[in-house]
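Notes for the one structure printed next.
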Amino acid sequence: MADERLEKEVTTLLLTEFDGRAKFGKLRRSLYQNKTVRDIGLRSALRRISNINKFLVFEKNNKVNCLSVFCKDASICCGYRRRGCETCKKENCQKFHVCKYFISGSCTRRFSCRFGHDLSNEANRRLSDRLGLSSFSCEDIRTIILCSHPAVCEEYNMDGCDDDDCPDLHVCSRFIKQKCTAGACCKFEHSIKRSDHNMWVLDTFDVSHLTDEELREIILVRVVSDRDIGLQSQMTPASSTLSLWSSFTATSTLSLATDDTDESVVDVFSFLLKRFSGRARFNTFLTERGHLLGHLGLAGIIDWLKDNKDRFLLYVHRSNLNYVSVYNSRARACFRFYDPRKSGCDNKSCKYFHVCRKFVAGDCVSTLCNYSHSFSSGSNAKVRSDLKLDEFTDSEICAIIRCSNPTICVNHNTSGCHLDDCPDLHVCSKNTFNQCTSGDGCKFGHVIRDSGEHNAYVLKTFHMDTWREDVLRRLVIAKKGEHTETQENVGASAIQRAPSVGQLQKAISTLDLSKSVNDKDIFPGKYEYICAKYTWTGACPNIPFCPHYHHPDRLPYLWLTAEDGQWRRIPTSDGVQLETRFCEYDDVLKKEFNILGMTRMDFCAMSAVLKGAPVKLKRLSAPSYVTATPGTPLNFYTQWVWYRQERDGRYTPFYPGALQYTLEEKYLKGQHKYYFEFEDLRLMVDTQSSPMIQTNLHTHGSTVVFRRPIFVLTKNADFPKMSSLLLSEAPASVLHQVPDYWAAVDRFQDYELVELDSDDPEYDAVQRQFFSTMDINGHNIVHVFRVQNPVLWYKYCSARRAMTPRGQSHEDVAERQLFHGTPTLQAARGICANSFDFRRSGENVGAVWGKGAYFSTTAKYSHSYTRAHITLTGDPLRFMFLGRILVGQYTLGHSSYTKPPERDRLKMYDSCVNDLSNPTIFVIFDLTQSYPEYLIEYSDVVQPSPQNPPPQVKNRRHRRR
């Protein structure tokens, strides 16, 4: 028990205070403060920790140097993430299916990464349970996986690592990532096993027997935060567990040395600095760059900038790339030097500029200033030389510092900033220097970090979103300037205007993509969608590999006609007229009409007659708004609206927006029937019929249903507004895991009945269990519904976890599929919404085996507790559930029981039964132990009288609906 407590407390200490791994010198003080360690002694604690396989001890010369959390089997599946393989082909793979670079904190693709960043999905969750990691958060599991793999020392790859006890490998990081082009000229080691230091690290991880190729598969390249490379003397994040979760622009200390960078880096850096004072809108950079990076396409330029993230920052907001700027993580003004409460920085080896912050911001004009205004004197000359900034003027170095640190928006502090993607902080500039007299009521705001989405986006760009508020206040720069929206100048002290259409076309023309663009223009019919990002921003980060069509006129729709076996574009002016008529839903059922010289136009069949000859039509548009990735504005996508025809012939849209979203999502994902309740009506929409229809399940009356897009008449660069009929943003995702085989989760109702097709394997399984005890000639299954209630499913899974014995998996809890008959449709609907209510157990069944909810192993027994429900059409329907029940450990029931009896000290049985040796009835007393998985609607078959025997049928197999 003491070892378990020690393991838990040391693991928590390492994860919460040391990012999973700590030098023993730093760890010693925290261990001394731990009561468990004090009780058994430090040496004894270390000896016990060394024998626990949950820790990795870095030991040299019988001396413990470093301690890390560790899980030997917490490995990443190589087959899953190998290029060209998006799924693991191994059955029961016992490795994590997750992006390797996400674990190391260096993946820049985030939501678009095809290898996934989700450690909570079904496969990874099962593996976490097996490894005993289920009690940890996803971020802690990521840290444990990271610490369980050998990693490259990033300090070695920057200024060199002089730590003999460094627990990381001293090897070229670009070589490990197969990106190093220096070959034998590289100043960093390319042999993993050559040095004694690396062999010591590999022996500690017990992987020294692997080949170099196998090692490259498992070695991770860490992303090092500023505090790991020398900023301890200046700053500490709010939490020592600095998150690597969103490592889009990791920092490093590489300078502008021309001996270790190619000429393009220096040229692009100098161009941004001299042309834009260091920062520009990304589209403006494309249009103005001239020959720079001319050999790369747009996607190549973005990847090149990401590869050189130590020199350039990319501002990404809501999945849009907005700005690019120069960057140097060590180009900062030492705020210890500027601290008015102290006499200055006393660190003789300080790596930061001792310079006036207001001078850097362009706001200090005092000739009697107590702080330096020069980068060429004293310690500043050495820092300047170390950063290889000698070739730049003082004003250019100021610009580099401004671009390498968060700055305060000038607009926000004057007449207000209205740019959603503003790259500067929205906070009071006077408060930075303790000069604001408005107090907490200041309209410009005094909080930097926890003040909303905008400042979070800016701080994440600099990887400072977890830094302490007081540190940020001393680091940010309050720029000097006028209201920048009215200025023509550009740069770090101004925000560039959006480029014109002509500029964007010029930018695209310089991307050396003429072949791909022409292919799209000549053969647009091979595409399924129009690229939304290109349409609304004029630039696509996926060129030339974008799978969508780039409309030359940047319209969100395109009409095509078939000519000579190829789809050809209809002229834009004609396409606008077609789009207008297509979106006018009043004409939806007018099968044929004339337009643009075409007769017998039929939008349902997408056909017409031109000059006496039949022609086929095709329409391209941006993807539906329900496919938008998280964080992307929905108005960039096609806004499809669903309508139904009323009795008087009018067409009205479905309401509210959540119902619109659900209908669209179900339609796109191939669910042909959607059952829902609206006010007092039970309705069903069938999208497989032609035309699509809505049926009233009470009266069986039907009406026509159809979908049409909102017409968008737009000028280039004008964003459309989201229709008031639709949701303004994507609904929140389900917070807990649901089964993979479920249909799309209903956004409108708390639960949904999903009708199973008679050819579905699920239908077959339910039917076999039902007719294993029911007379196939006496009953007929009408419908089988899967009940999808995310809240009930979550409670059921929580109950299973709570019932899991210590040291066992969730699958070890006894679970059965059992039947439960219900007398009325209203009772069945109540069970779908709230599960089986044991408080009403005596109403129909009695309480022979206890006052709980009753379930049977046979449908025949449950059938006796159903009643025929006569519908308006005269059909007698009965309702029975086939549910999942956590029976666990059971005992013989008794009518007096209101809960299961105790089985041993303080522990109760999970359920009661009618017979211990062969139970056929189970009683549970906690409704979370049950989930109503399937609802079976069935009817009684009326047997013909003997005077009129039925005709002989060769195949008596049950008829499926």
Side-chain angles (χ1 to χ4, degrees), residues 225-227 229-231 233-237 248-256 269 272-273 276-279 309-315 323-339 345 350-364 371 375 380 383-384 387 389 392 394-410 412-413 422-429 431-433 448-449 454-481 491-495:
S225 64
D226 285 339
R227 67 190 178 96
I229 55 177
L231 283 181
S233 61
Q234 287 208 69
M235 59 198 67
T236 305
F248 188 79
T249 53
T251 59
S252 69
T253 60
L254 289 179
S255 62
L256 268 180
F269 191 100
L272 280 169
L273 190 60
F276 301 109
S277 296
R279 184 175 68 199
K309 56 193 173 187
D310 56 304
R311 313 294 177 78
F312 305 100
L313 277 186
L314 296 177
Y315 290 74
Y323 297 89
V324 59
S325 88
V326 298
Y327 179 70
N328 189 310
S329 66
R330 275 177 44 196
R332 289 185 177 139
C334 173
F335 54 66
R336 286 184 181 273
F337 172 76
Y338 192 77
D339 192 343
C345 177
C350 181
K351 299 179 180 180
Y352 303 95
F353 288 112
H354 289 176
V355 68
C356 174
R357 280 174 68 194
K358 288 190 175 182
F359 165 70
V360 171
D363 195 24
C364 185
Y371 304 103
F375 293 100
N380 287 340
V383 175
R384 180 178 188 166
L387 296 182
L389 300 177
F392 298 107
D394 282 6
S395 62
E396 289 172 339
I397 294 176
C398 286
I400 294 173
I401 295 175
R402 289 196 298 268
C403 289
S404 301
N405 298 270
T407 51
I408 297 176
C409 178
V410 176
H412 177 75
N413 282 270
C422 174
D424 294 327
L425 294 169
H426 288 176
V427 70
C428 177
S429 59
N431 187 58
T432 306
F433 298 100
I448 299 175
R449 195 187 71 180
H454 178 81
N455 284 355
Y457 136 68
V458 176
L459 293 175
K460 282 182 180 180
T461 299
F462 289 91
H463 253 267
M464 297 179 182
D465 52 312
T466 59
W467 288 20
R468 293 203 318 257
E469 182 75 13
D470 62 315
V471 173
L472 292 171
R473 281 186 59 188
R474 288 185 286 165
L475 181 70
V476 299
I477 297 172
K479 297 182 300 183
K480 176 71 174 177
S493 60
I495 298 176

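Positions are given from 1, in the same order as the sequence printed here.
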Do [X] and [Y] have side chains that get closer than 4.5 Å, going by heavy atoms?
| X | Y | result |
| --- | --- | --- |
| I397 | F353 | yes |
| V476 | M464 | no |
| R384 | D394 | yes |

Please report the closest heavy-atom contact between [X] and [Y], naming both atoms and the distance.
| X | Y | value |
| --- | --- | --- |
| V355 | A333 | CG1-CB, 3.9 Å |
| A361 | I477 | CB-CG2, 3.6 Å |
| V458 | C422 | CG2-O, 3.9 Å |
| P406 | L425 | CB-CD1, 3.7 Å |

Run the numbers on L387 and F375 for side-chain contact (heavy atoms from CB on, under 4.5 Å), then give the verdict. CA-CA 12 Å; L387 296 182; F375 293 100; over 6 Å; no
[X] [atom1] to [Y] [atom2] distance, which is reported to the nearest 0.5 Å:
| X | Y | atom1 | atom2 | result |
| --- | --- | --- | --- | --- |
| H454 | L459 | NE2 | CG | 9.5 Å |
| L313 | H463 | CG | NE2 | 10.0 Å |
| L272 | I400 | CG | CD1 | 11.0 Å |
| Y323 | C403 | OH | SG | 12.5 Å |

Can you label the angle between the H412 ring and the H426 ring as parallel, tilted or perpendicular, going by 30° and 60°?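 Geometry flag for H426 against H412: parallel rings.
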Let's go through F462 and Y315 carefully: what are the C-alpha distance in whole Å and the side-chain angles of both, what is the deciding distance for side-chain contact (heavy atoms from CB on, under 4.5 Å) to 0.1 Å, and is it a yes or a no? CA-CA 9 Å; F462 289 91; Y315 290 74; 3.4 Å; yes
Under 3.5 Å donor-acceptor, [X] side chain and [Y] backbone:
| X | Y | value |
| --- | --- | --- |
| T461 | Y457 | yes |
| R332 | S329 | yes |
| R357 | A478 | no |
| N405 | A331 | yes |
| N455 | I448 | yes |

So that I can tick it off, tell me whether R402 and D424 are bridged by a salt bridge, with the cut-off set at under 4.0 angstrom between side-chain N and carboxylate O.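 No, no charged N to carboxylate O under 4.0 Å.
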Please walk me through it: do F276 and S325 pass side-chain contact (heavy atoms from CB on, under 4.5 Å)? CA-CA 9 Å; F276 301 109; S325 88; over 6 Å; no
Under the side-chain contact (heavy atoms from CB on, under 4.5 Å) test against E396, which residue among V326, L389, L273 passes?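 The residue from V326, L389, L273 that satisfies side-chain contact (heavy atoms from CB on, under 4.5 Å) with E396 turns out to be L273.
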Residues in side-chain hydrogen bond (donor to acceptor under 3.5 Å, both in side chains) with N380, at least two apart?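 If we apply the side-chain hydrogen bond (donor to acceptor under 3.5 Å, both in side chains) test to N380, skipping adjacent residues, there are no hits.
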Results of ring-ring contact (aromatic ring centres under 6.0 Å, His included) for F359 - residues two or more places apart only: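 Checked F359 against ring-ring contact (aromatic ring centres under 6.0 Å, His included); matches are H373.
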